[in-house]
Amino acid sequence: MAGKYQIPRGTFDILPEDSYKWQYLKNTFREVTRMFNFKEIVTPIFEKSELFERSVGVSSDIVQKEMYKFKDKKGRILALRPEGTAPIVRSYVENNLGRDGDLSKLFYIGPMFRYERPQKGRYRQHFQYGIENIGSENPYIDAEVIAVGFNFLKKLGLDNFELQINSIGCPNCTLDYNKALVKYFSSYYDELCSDCKIRIKKNPKRLLDCKVESCKKIALNAPSMLDYLDDECEIHFKKVQENLSKINIPFKINPRIVRGLDYYTKTAFEFIDNNLGAQNTLIGGGRYDGLVKQLGGNDVPGIGFAGGFERLIVSMEKEGLQFGREQSPDVFLVTLGEEAKEFGISFLSKLRNNRISAEISIDKNSLKAQMKAANKSKAPFALILGDNEIKKEEITLKNMETGFQELVKLADIVEKLLQILKIK
RNA sequence: GUGGGUGUAGUUCAAUGGUAGAGCACUGGAUUGUGGUUCCAGGCGUUGCGGGUUCAAAUCCCGUCAUCCACCCCA
């Protein structure tokens with residue numbers, strides 16, 4: 001039952017019976033990013049608070065109310081990272097990663113922190129995976145980044161998601177567009193919900209995806225961002241679509257996709273699982289062409305995405321998908337009698353030193369209890385060692401699935417196991 | 001941060017204000033060297049925590065913590 005201490009709100013333990021799922025997701029993500037030649041980058045989980053305020057935007061909710069901000073002993077104002085892009089761009093600039101003129105293709109996996117009210121698929125400490133591709137504004141890159149997300153979800157076996165894309169233009173387009181939005185919604189001001197009355201001042205684009213019915217109706221005829229793209233942004237967006245089609249990635253244009261973070265420009269996209277409830281964005285991403293410069297680097301464009309492992313797991317479990325194999329030992333050693341147990345201990349060590357994962361139930365003596373333990377461990381093979389075997393210098397090898405068992409010379413067992421288990 | 005629901009054994013859930021139960025899981029056993037099916041046996045758990053009302057509280061009230069759903073926002 002509950003002890004004296006409880007885990008902090010919105011956090012969770014990844015227990016041994018579940019950790020293989022995270023392992024599987026990480027491995028799969030590494031495999032997929034490898035196909036695209038992305039390399040891993042690891043940055044600290046805390047940064048100067050200022051970094052996020054500058055990049056994500058002081059007015060954004062993330063900075064406003066969701067950041068874990070604290071002072072260290074020297075009075076430095078730090079924050080647990082709420083997202084992954086800003087730290088990576090910081091590192092890119094600080095370490096001059098673009099120095100050789102190549103694209104920086106980076107991926108990361110790690111915890112992020114947001115002080116929010118917890119919900120299913122949304123936690124205060126959660127694990128994100130993501131990529132950043134810094135150094136090119138070529139629309140081919142947009143498609144490639146999207147392809148990484150697409151291939152990842154597909155590789156996990158997911159099929160129930162939808163890719164939605166939009167272009168939110170550059171700061172120039174946004175300026176005009178926001179004016180148009182404000183103008184449009186102002187004429188309906190009295191009919192807007194109280195949230196939207198604030199949004200119209202703070203972030204007009206947010207009016208577009210309000211969930212209140214009356215606002216939805218009004219938003220239906222609101223001007224579309226896509227009509228306000230300048231030539232450059234419009235061509236870029238078209239090319240992105242062409243490139244996606246070229247590599248057979250289906251997508252839907254959703255002019256209502258809005259990014260919450262200030263640094264986004266041009267392409268914005270989301271992979272959405274529509275039967276997931278409110279927290280349905282599996283992956284969210286977009287271009288951030290001004291960010292590197294803003295953080296003190298050269299005027300270099302970038303694009304990336306991020307996704308949360310917890311939502312992925314919810315989505316996969318809903319679909320009944322597997323997370324690879326749960327970890328189990330290769331063999332389970334069962335011993336009978338003192339002499340066999342004594343011998344078994346050194347034999348166990350021999351197996352392990354030969355890269356055979358082996359387990360024993362040291363506190364149980366009866367054959368039955370040990371066989372039960374072997375079964376529960378999910379080891380594919382049991383090795384039974386008793387007086388009979390020791391006398392003849394043999395050991396019983398039992399296939400736990402078929403029940404078939406045979407006597408094998410002790411001198412040959414390691415070699416035989418390596419062969420059956422296909423360990424090189 | 002706002003609104004609503006929930007909180008009982010490892011877990012899923014029962015229990016008109018009157019001694020707290022079941023399935024699954026777990027452990028042991030079913031003639032002494034064989035698991036996964038079957039049968040038998042084994043649970044006194046501060047009913048999340050702290051107050052209050054009452055002769056009596058898992059049950060009613062207040063607070064608190066946690067969780068779930070929605071909003072805000074986001075992965």
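Letters A, B, ... are given to chains in the order of the sequence lines, protein chains preceding strands, and every chain is numbered from 1.
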### Query
Looking at the rings of A:Y177 and A:Y228, which for Trp means the six-membered one, are their centres under 6.0 Å apart?
yes
### Message
Between A:R199 and B:C73, is there a contact of a side-chain N or O with OP1 or OP2 at under 4.0 Å?
### Response
yes
### Task
Kindly point out which of B:C69, B:C73, B:U67 is positioned nearest to the side chain of A:K120?
B:C69
### Query
Any side-chain N or O of A:K368 under 4.0 Å from OP1/OP2 of B:U34?
no
#### Entry: Heavy-atom donor-acceptor pair, A:D387 side-chain to B:G33 base, under 3.5 Å
no
### Message
The side chain of A:K376 is closest to which nucleotide in this list: B:C71, B:U27, B:A75?
### Response
B:U27
### Query
For A:K372 and B:U37, is the shortest distance between a side-chain N/O and OP1 or OP2 below 4.0 Å?
no
### Task
Classify the side chain of A:N375 and the base of B:G35 as holding, or not holding, a donor-acceptor pair under 3.5 Å.
yes
### Query
Side-chain N or O of A:Q405 less than 4.0 angstrom from OP1 or OP2 on B:U34?
no
### Task
Please determine, for the side chain of A:A369, which listed nucleotide (B:G28, B:C65, B:G33) has the closest atom?
B:G28
### Query
Which one, B:C26, B:A75, B:C65, comes nearest to the side chain of A:Q128?
B:A75
### Task
Choose from B:U27, B:G33, B:A70 the nucleotide whose nearest atom is closest to any side-chain atom of A:E389.
B:G33
### Message
Pick the closest RNA chain B nucleotide for A:G403 and for A:A278 by heavy atoms, then say which residue is nearer the 5' end.
### Response
A:G403
### Task
Would you please confirm or rule out a distance under 4.0 Å between OP1 or OP2 of B:C71 and any side-chain N or O of A:R117?
no
